[in-house]
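This report refers to the structure that appears directly beneath it.
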Amino acid sequence: MKLVVAIIKPFKLEEVKEALSEIGIEGMTVTEVKGFGRQKGHTEIYRGSEYTVDFLPKVKIEIAVPDDVVSKAAEAIVKSAKTGKIGDGKVFVIPLEEAVRIRTDEAGDAAL
Amino acid sequence: MKLVVAIIKPFKLEEVKEALSEIGIEGMTVTEVKGFGRQKGHTEIYRGSEYTVDFLPKVKIEIAVPDDVVSKAAEAIVKSAKTGKIGDGKVFVIPLEEAVRIRTDEAGDAAL
Amino acid sequence: MKLVVAIIKPFKLEEVKEALSEIGIEGMTVTEVKGFGRQKGHTEIYRGSEYTVDFLPKVKIEIAVPDDVVSKAAEAIVKSAKTGKIGDGKVFVIPLEEAVRIRTDEAGDAAL
Amino acid sequence: MVMAVLTLGAVTANAQEEESPVADYTEMVESYGAEYAPAFDFFTVSMLWTVIAAGLVFIMHLGFATLEAGLTQSKNTVNILFKNVWIISIGLITYALLGFNTHYPGAWQIENWIGIGGPIGDLNADGNDTWGYGGLGLAMTAYGDFIFQAMFAATAATIVSGAVAERIKLSSFMIYSTILVAFGYTIAGSWHWGGGWLSQLGGGDDAFYDFAGSTVVHGFGGAAALAAVMVLGPRLGKYTKDGKIKPILGHSMPLAAVGVFLLFFGWFGFNGGSVLSANPGPLGLVFTTTALAAAAGGISSIFTSWLVLKKPDLSMALNGLLAGLVSITAGADAVSVWSAVIMGAIGGVIVVFSILFFDKIKIDDPVGAISVHGVCGIWGTIAVAIFGGASFMSQLIGVVGVYVFAFVFSLVLFLIIKAIMGIRVSEEEEFEGLDIGEHGQEAYPDFSVTSR
Amino acid sequence: MVMAVLTLGAVTANAQEEESPVADYTEMVESYGAEYAPAFDFFTVSMLWTVIAAGLVFIMHLGFATLEAGLTQSKNTVNILFKNVWIISIGLITYALLGFNTHYPGAWQIENWIGIGGPIGDLNADGNDTWGYGGLGLAMTAYGDFIFQAMFAATAATIVSGAVAERIKLSSFMIYSTILVAFGYTIAGSWHWGGGWLSQLGGGDDAFYDFAGSTVVHGFGGAAALAAVMVLGPRLGKYTKDGKIKPILGHSMPLAAVGVFLLFFGWFGFNGGSVLSANPGPLGLVFTTTALAAAAGGISSIFTSWLVLKKPDLSMALNGLLAGLVSITAGADAVSVWSAVIMGAIGGVIVVFSILFFDKIKIDDPVGAISVHGVCGIWGTIAVAIFGGASFMSQLIGVVGVYVFAFVFSLVLFLIIKAIMGIRVSEEEEFEGLDIGEHGQEAYPDFSVTSR
Amino acid sequence: MVMAVLTLGAVTANAQEEESPVADYTEMVESYGAEYAPAFDFFTVSMLWTVIAAGLVFIMHLGFATLEAGLTQSKNTVNILFKNVWIISIGLITYALLGFNTHYPGAWQIENWIGIGGPIGDLNADGNDTWGYGGLGLAMTAYGDFIFQAMFAATAATIVSGAVAERIKLSSFMIYSTILVAFGYTIAGSWHWGGGWLSQLGGGDDAFYDFAGSTVVHGFGGAAALAAVMVLGPRLGKYTKDGKIKPILGHSMPLAAVGVFLLFFGWFGFNGGSVLSANPGPLGLVFTTTALAAAAGGISSIFTSWLVLKKPDLSMALNGLLAGLVSITAGADAVSVWSAVIMGAIGGVIVVFSILFFDKIKIDDPVGAISVHGVCGIWGTIAVAIFGGASFMSQLIGVVGVYVFAFVFSLVLFLIIKAIMGIRVSEEEEFEGLDIGEHGQEAYPDFSVTSR
Ligand SMILES: Nc1ncnc2c1ncn2[C@@H]1O[C@H](COP(=O)(O)OP(=O)(O)O)[C@@H](O)[C@H]1O
Ligand SMILES: Nc1ncnc2c1ncn2[C@@H]1O[C@H](COP(=O)(O)OP(=O)(O)O)[C@@H](O)[C@H]1O
Ligand SMILES: Nc1ncnc2c1ncn2[C@@H]1O[C@H](COP(=O)(O)OP(=O)(O)O)[C@@H](O)[C@H]1O
């Protein structure tokens with residue numbers, strides 16, 4: 001099992017969710033995060049002083065998947081989250097040693 | 001060392017915390033997240049239009065533990081977080097290669 | 001590649017960011033979290049009843065880095081986030097199997 | 001007289017064809033005779049004050065709504081705002097339907113105790129639109145009288161609303177509040193303001209003294225709230241199994257503060273309007289005692305909470321202002337300024353200990369309504385005997401009478417509703433919040449991921 | 001007379017050297033003759049009410065600002081607040097520059113249809129500061145008249161502001177709103193209040209009846225908003241490709257509720273001030289009909305939304321209060337209380353279905369302004385014929401005349417601005433929010449990590 | 001006369017036994033003689049306006065509280081709301097204790113310069129409850145006078161509160177504000193309103209002219225704030241080591257906007273009430289100049305900030321409205337409407353540059369209080385010489401006198417408190433927020449995980 005972690009632009013969440021649905025992924029966990037990267041934040045003004053907002057709002061999606069679904073999932077995310085503009089985000093894949101469904105105590109792929 | 005990650009129902013946080021305390025786990029990091037899964041969100045209404053809230057509020061707990069505590073910790077979480085109803089959440093176990101306590105520079109199990 | 005995860009005190013974020021910048025790390029993802037650990041929360045009062053706030057606000061930083069940068073990054077974080085007082089937080093290192101830049105489809109170290 | 005009007009017309013050479021309110025007014029006055037001019041003028045300015053005061057009492061309902069919303073959790077905010085829209089709406093309509101003619105009866109069903117009136121008609125008929133209303137007994141028209149009193153009516157239900165927040169079933173509360181306002185408050189009010197038994201204590205010489213309603217409005221609401229909370233039980237998680245209190249925090253102190261300041265503001269209409277005229281003497285006194293009692297309540301609650309709780313507690317300071325206001329409401333026109341300060345200050349002390357006390361005995365009142373309105377209402381009413389020369393006995397009888405009635409009325413009503421349809425939301429709904437459960441809406445949906 | 005004043009001085013033995021407003025006033029009255037005392041006094045109290053009412057109408061602008069902000073997303077909140085600061089500011093200045101003298105002309109450019117006046121001068125000159133203003137045609141000074149009317153002026157633009165929120169280009173809106181207020185509203189207003197053709201229907205006997213402006217203010221704004229929304233199009237993502245409605249949630253129900261309660265409060269000035277004097281008869285009636293219609297609108301919209309949508313919807317309840325208020329505005333002084341209740345209740349039903357209807361036909365109006373002000377404005381105006389004895393024909397002509405004018409004026413103006421400078425922000429800016437895009441500011445920056 | 005009253009009774013056939021306020025009033029008037037009727041009536045309506053104006057000035061304190069809370073960080077919100085509860089409470093009590101009798105003395109300790117009065121007594125005694133108060137020198141009773149002035153008193157301390165927010169020790173501020181209000185403001189006020197030296201400039205012919213207090217209230221507060229900020233130093237992190245400004249963002253623009261609109265609303269009472277009667281002439285003028293100056297300030301600050309900062313800045317627009325209001329406060333009754341517009345517009349320009357300037361010289365004023373109240377207070381006062389015919393010299397002397405006094409008084413007081421008990425919270429507390437540090441409470445606890 002792997003944990004596929006994607007950092008995407010917030011307004012792409014809906015599309016990514018649908019793309020994952022289409023390949024049969026029904027579960028995921030989403031977090032509001034702030035991203036810092038090549039994409040520079042904008043300059044804002046407050047009462048006459050300029051300041052740079054470095055951290056841009058992003059959404060992090062975490063999806064635990066069986067090994068054989070990893071690349072399909074990553075692909076689906078990349079395709080649906082892409083705008084081609086800087087700041088589109090990343091997909092990370094992290095090894096997952098165990099997964100348990102709290103409700104049923106099922107473990108392994110069955111828990112996902 | 002492993003990172004035990006649990007997605008649970010928000011109102012179970014207190015109980016899970018206590019269950020972990022009982023087995024000697026004193027440190028954890030908690031994040032508000034939104035979960036998407038088998039448990040379907042409710043339909044809400046806003047000014048006459050229905051819409052479905054897919055993402056339900058959940059809480060993510062991250063606990064770094066020595067290898068030998070992993071199963072005890074997972075068990076404690078599963079037991080205390082269970083309601084038996086759909087949406088109870090998951091426990092994931094991720095390998096952890098290193099841990100450092102910032103205050104003291106201690107590393108490894110000593111840092112947890 | 002590794003995912004370096006740091007839990008730090010919120011007001012240290014700026015310093016940590018600068019320290020990482022200095023060693024050439026340009027990307028990171030930040031989340032507001034609540035931490036529970038040796039550092040005990042304060043007692044607060046609400047309408048005459050005392051209660052303890054167990055969970056203290058912390059900031060989680062996630063940085064995906066090539067293997068050879070891990071220790072430099074961890075060091076930079078530890079140094080810049082340290083106050084020496086309890087509650088300074090942790091640095092965790094998690095193995096990372098794959099990384100993709102959504103915008104360009106670049107993978108591996110090139111994606112970071 | 002006709003000549004006089006003609007002359008007036010001559011003075012204003014550029015008078016247009018259209019009707020002239022000033023000339024109309026002058027003509028009307030002169031048709032009565034010049035000696036009535038002061039009466040007419042006093043009536044006109046008093047009536048103006050009455051409707052403005054009604055507007056100020058109206059804004060108290062926004063104060064209640066925001067205070068209550070601020071001191072409760074964000075997952076119940078839609079429900080609380082909704083209840084407040086409901087209460088002001090049903091309160092006004094109900095008062096028109098049967099409250100007004102109950103408060104000004106002549107027609108008791110049970111002499112001096114129970115009289116339920118019918119709907120209002122054209123209150124401007126029969127010269128009620130001029131100073132003739134009530135035979136000069138009031139310096140306002142019948143509509144002025146109505147709208148001012150109508151704004152009071154919903155207050156009792158609003159007070160209960162705060163105490164039962166975060167767990168009461170919406171439909172049950174809507175029925176409860178309607179009946180409480182329609183029958184409970186109107187009956188209690190008629191005892192005092194409708195010429196009922198409270199106004200006849202001691203043959204009328206030792207009449208119960210409650211200027212703007214420490215007992216009849218605030219006490220009534222507080223006592224009804226106590227009964228409601230006792231039937232309803234505390235919020236889940238408020239008291240742990242091992243008997244400890246686990247505070248459930250209000251979600252927005254700014255909202256709560258806005259609420260209290262608006263209540264303070266509106267109280268100038270509540271007390272000031274209760275002068276029932278623009279008579280400069282009492283008007284200035286009432287504004288002054290009201291403001292100083294509130295200030296004293298704020299200060300004394302600040303220091304009381306600081307001493308007792310070791311920290312200066314904002315929610316206690318806010319409740320202290322309100323405590324001061326409730327404490328002066330019964331005697332605002334009858335005591336000296338420094339008496340008002342003492343009355344308010346004692347109210348500010350009482351409210352702190354009262355809130356702690358009710359929490360200790362597990363009466364879970366999220367906003368402190370029972371303490372602020374109920375307990376300080378007693379104090380305020382009794383204080384008129386101490387500082388304002390009212391009969392102690394009558395004050396006591398009045399308090400006991402109204403509080404017992406409100407408590408029993410509320411208790412019985414609540415128990416009946418409980419038996420028929422239940423009064424409490426399910427545990428699950430309470431955990432999730434009444435906003436989703438009752439309304440399918442969230443108060444702050446924008447902070448969630450979905451709305452991005 | 002001089003003697004009288006001297007006597008007065010003698011009564012107040014401790015009179016100081018400084019000028020005495022009371023003595024001055026008395027002297028002034030006596031210089032006209034004692035028989036004018038009632039006229040002066042009525043004038044004085046009426047003028048006081050006029051300026052207080054102006055203050056109440058002012059606070060409606062805070063109500064509009066918070067309602068609009070509450071019912072839209074947090075990423076556009078700075079923009080909405082900014083627009084509201086702009087509107088009240090430019091509305092007041094514009095009304096001084098040319099609105100006032102358009103509404104009280106004598107100088108039409110096109111007789112009874114179009115007359116644009118110039119800037120106001122010293123309105124206290126020529127005795128306008130006393131009861132002489134307008135030859136007793138009004139019980140207020142010219143400044144009183146001005147400030148009360150000026151507060152109305154910006155309302156039309158505010159109504160549009162809500163309907164076009166979250167996507168309109170700031171600079172375009174600023175120009176649009178300025179021209180709408182400066183020329184559109186003033187011209188339409190002059191038809192009714194400036195003695196124009198609407199006030200002359202049926203030779204003046206069947207004049208269009210619109211007491212405080214259901215049509216002339218609210219209807220004007222609603223019709224202008226409809227045109228604006230049609231040109232502008234819906235917010236991105238509101239209607240999906242497959243034709244479904246995807247609600248875009250307002251970010252703060254407490255802000256929205258504060259807005260509605262403040263509007264309700266201010267409406268006492270809007271309608272009550274439109275009595276144009278402190279005449280006790282109509283004043284009490286107007287306060288009562290206004291409050292009861294609002295309450296009835298609240299209740300009926302609650303039950304309508306409950307029946308239709310299965311859940312009691314807070315935003316509908318809030319709109320119901322406003323619907324009741326708009327529905328009574330045209331006839332507040334001309335109908336009985338129970339007629340007012342019916343008018344408000346029907347308004348509360350209408351607004352629910354109207355909002356659903358406009359959503360269905362993809363007219364995207366984030367705050368329901370078109371339904372509340374436009375649709376209920378029609379109902380309120382027509383209802384005066386049904387319940388208040390106005391000429392049905394005249395009411396219809398008035399509605400059609402004003403709505404068509406407002407719609408066409410707004411449409412043409414918007415199309416011109418669109419052609420010249422565009423009216424809509426870029427897609428990217430709309431996604432990111434107008435706060436960052438137009439202002440480089442955030443409404444709630446503290447919740448972000450950076451500010452820690 | 002008795003006969004007249006009897007006749008009156010006859011007219012109202014259905015008169016009840018109970019006392020009749022109208023008849024009482026008529027009887028009272030007639031006991032003086034019919035020729036006093038206009039005096040009584042004018043007095044009554046003026047007094048009504050006075051207490052209503054007091055209520056409006058009260059609501060400014062809610063405006064200050066929300067503006068200040070909105071423009072600071074959420075971690076200090078409880079502290080800010082608490083301070084505002086404290087200030088209004090202590091301000092009212094203090095004014096009753098010694099402020100009022102200082103402002104209306106006769107009893108100087110140092111002739112024309114320093115006079116501290118004692119507590120107020122029964123102000124309705126000696127006929128002060130009728131038009132006799134002050135020998136007709138004022139058209140209000142002594143209580144009316146008191147409550148209106150008392151509401152002003154706390155303003156100075158509130159202004160300072162905003163400037164020192166987010167870092168000042170609570171207990172130190174509470175002592176500071178009490179002494180500032182009790183002695184500083186009352187002394188400065190007595191120079192102008194208590195018949196002191198400012199009112200005697202040029203033998204009284206060239207008296208310092210400050211209608212409602214641009215200098216005496218706002219300037220006083222602004223100058224005191226400047227001294228306080230200089231002693232206190234900037235917030236941590238506001239100015240980086242390399243000398244750059246790092247803005248610390250206010251956490252809620254809606255709160256800030258609510259604050260400014262409420263201040264604008266209350267200002268009608270602040271300026272309008274300063275007419276000190278309901279005299280229609282000045283009343284209409286003052287409402288008009290006040291509103292137009294605010295509007296002009298809003299517009300000019302919008303364009304100034306747009307030009308200078310490239311973006312239309314909401315917080316500057318809000319400050320612009322306030323700048324316009326402060327700029328007109330000294331001359332609201334003395335200038336023409338277009339002068340008012342110019343005065344407000346210049347104020348709106350000044351405030352933008354002033355805020356930028358103070359930020360540049362590292363005077364850290366989170367809400368811009370020094371610029372809005374202090375700097376625009378100077379402009380507003382001087383402008384009366386330019387536009388309203390006041391003596392330039394006297395205005396200058398007045399400004400210098402009051403500002404220097406306020407600055408020195410505040411400076412010395414602050415330094416003493418600093419020496420005795422410290423004035424600033426610890427670095428750690430400042431980082432964590434004063435809400436936790438001083439109060440052990442959070443303003444928005446619901447957003448944290450624990451409350452779920
Ligand atoms: N090394 C990294 N570790 C973790 N997150 C990163 C890293 N680099 C970028 N990110 C996340 O990805 C987002 C997009 O990255 P950015 O460099 O701005 O654009 P792009 O991915 O298009 O090159 C960032 O806002 C941040 O949240
Ligand atoms: N594959 C997954 N990857 C990550 N998180 C998941 C996954 N599946 C479920 N979750 C998380 O677990 C929560 C509960 O899952 P759900 O399918 O609704 O119920 P259950 O776990 O009882 O079957 C979800 O809300 C989501 O946060
Ligand atoms: N075992 C753990 N797993 C995950 N996070 C932890 C763990 N222990 C501590 N933390 C995080 O680190 C923070 C600091 O830990 P704490 O024990 O309070 O202080 P210190 O690290 O200085 O000993 C905690 O608030 C929590 O967020």
Side-chain angles (χ1 to χ4, degrees), chain D residues 32 35-39 41-43 45-46 48-49 52 56 73-74 131-132 134-139 248-249 251-254 257-258 261-262 264-265 268 272 276-281 283-285 287-288 291-292 294-296 298-299 302 311-315 317-318 321 336-338 341, chain F residues 4 8 11-12 14-16 18 20-23 25-26 29 34 37 40-41 43-45 47-48 51-52 54-55 58-59 61-62 65-66 69 77-78 81-82 85-86 88-90 92-93 96 120 122 124 129-130 141-144 146-147 150 170 255 438-441 443-446 451:
Chain D
Y32 279 89
E35 68 271 33
Y36 296 116
D41 293 330
F42 183 68
F43 184 85
V45 60
S46 293
L48 176 60
W49 170 229
I52 292 173
L56 289 172
Q73 300 164 84
S74 61
W131 51 289
L136 296 188
L138 286 174
I248 298 176
L249 309 184
H251 86 281
S252 172
M253 289 306 120
V258 166
F261 274 81
L262 286 180
F264 194 154
F265 179 59
F268 287 122
L276 300 179
S277 81
N279 199 342
L283 200 58
L285 176 65
F287 264 72
T288 302
L292 289 179
I299 292 171
I302 283 175
K311 292 258 178 181
D313 182 327
L314 173 63
S315 68
L318 293 173
L321 289 177
S336 75
V337 282
W338 296 107
V341 168
Chain F
L8 200 69
V11 169
T12 59
N14 61 336
Q16 302 177 355
E18 45 179 318
S20 155
V22 179
Y25 181 85
T26 311
V29 172
F40 273 99
D41 293 329
F43 184 84
T44 301
V45 60
M47 171 62 186
L48 176 61
V51 293
I52 291 174
F58 167 79
I59 210 63
H61 288 279
L62 176 56
T66 50
T77 302
V78 166
L81 298 172
F82 188 92
V85 171
W86 169 258
I88 181 67
S89 297
I90 201 71
L92 289 170
I93 297 290
I120 61 172
D122 178 0
N124 268 355
D129 58 342
T130 62
T141 74
Y143 278 124
F146 167 77
I147 195 71
L170 177 64
L255 264 185
E438 300 286 61
H439 305 273
Q441 299 183 320
Y444 305 100
D446 211 8
S451 68

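Naming convention: chains lettered A, B, ... in sequence-line order (proteins, then strands); numbering from 1 in each chain.
- Residue D/F265 touches chain F through both its backbone and its side chain, counting heavy-atom pairs closer than 4.5 Å.
- A donor-acceptor pair under 3.5 Å is absent between the side-chain atoms of F/W86 and the main chain of D/G298, judged by distance alone.
- Taking D/G284, D/P312, D/S315, D/A317 one by one and counting their heavy-atom pairs under 4.5 Å with chain F, the maximum is reached by D/P312.
- With a threshold of 4.5 angstrom between heavy atoms, F/L255 approaches chain D through side-chain atoms but not through N, CA, C or O.
- Two rings, from D/F287 and F/Y143, have their centers 6.0 Å or more apart.
- The contact between D/T288 and chain F is made by backbone and side chain atoms together, counting heavy-atom distances below 4.5 Å.
- Neither the backbone nor the side chain of D/I248 comes within contact range of chain F; no heavy atom of the residue lies under 4.5 Å from a heavy atom of that chain.
- Side-chain contact between F/H439 and D/L314: absent, with no pair of heavy atoms (C-beta onward) separated by less than 4.5 Å.
- Interface remark: of the candidates F/L62, F/T77, F/I147, F/V78, F/L62 forms the most heavy-atom pairs closer than 4.5 Å to chain D.
- In this structure, the side chains of D/F42 and F/T44 come closer than 4.5 Å at one or more pairs of heavy atoms.
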Should F/F82 and D/D313 be marked as a side chain to side chain contact (heavy atoms under 4.5 Å, CB included) after you check the CA-CA gap, both sets of side-chain angles, and the distance that decides it? CA-CA 8 Å; F/F82 188 92; D/D313 182 327; over 6 Å; no
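- Among the candidates F/L170, F/I90, F/L92, F/L81, the residue making the largest number of heavy-atom pairs closer than 4.5 Å to chain D is F/L81.
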Stepwise side chain to side chain contact (heavy atoms under 4.5 Å, CB included) check, F/V85 with D/F261: CA-CA 9 Å; F/V85 171; D/F261 274 81; 4.1 Å; yes
Full working for side chain to side chain contact (heavy atoms under 4.5 Å, CB included) between D/F43 and F/T26: CA-CA 10 Å; D/F43 184 85; F/T26 311; over 6 Å; no
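- Proximity to chain D involves both the backbone and the side chain of F/I120, based on heavy atoms less than 4.5 angstrom apart.
- Side-chain contact between F/F146 and D/L292 is present, with at least one heavy-atom pair separated by less than 4.5 Å.
- Using cut-offs of 30° and 60° on the angle between ring planes, the pair D/F264 and F/F58 is tilted.
- Proximity to chain F involves both the backbone and the side chain of D/V258, based on heavy atoms less than 4.5 angstrom apart.
- The choice from D/P254, D/S46, D/A257, D/A291 that makes the most heavy-atom pairs within less than 4.5 Å of chain F is D/P254.
- Annotation: maximal heavy-atom pairing with chain D below 4.5 Å, among F/H61, F/Q441, F/E438, occurs at F/Q441.
- The heavy-atom pair separating D/I52 from F/I52 by the smallest distance is CD1-CD1, 3.8 Å.
- With sequence neighbours left out, the side-chain contact (heavy atoms from CB on, under 4.5 Å) criterion links D/A37 to D/V29, D/D41, E/P38.
- F/I93 approaches D/A295 most closely through the heavy-atom pair CG1-CB, 3.8 Å.
- When heavy atoms are compared at a cutoff of 4.5 Å, D/L285 approaches chain F by way of both its backbone and its side chain.
- In terms of heavy-atom pairs under 4.5 angstrom with chain D, the leader among F/A69, F/G55, F/S89 is F/S89.
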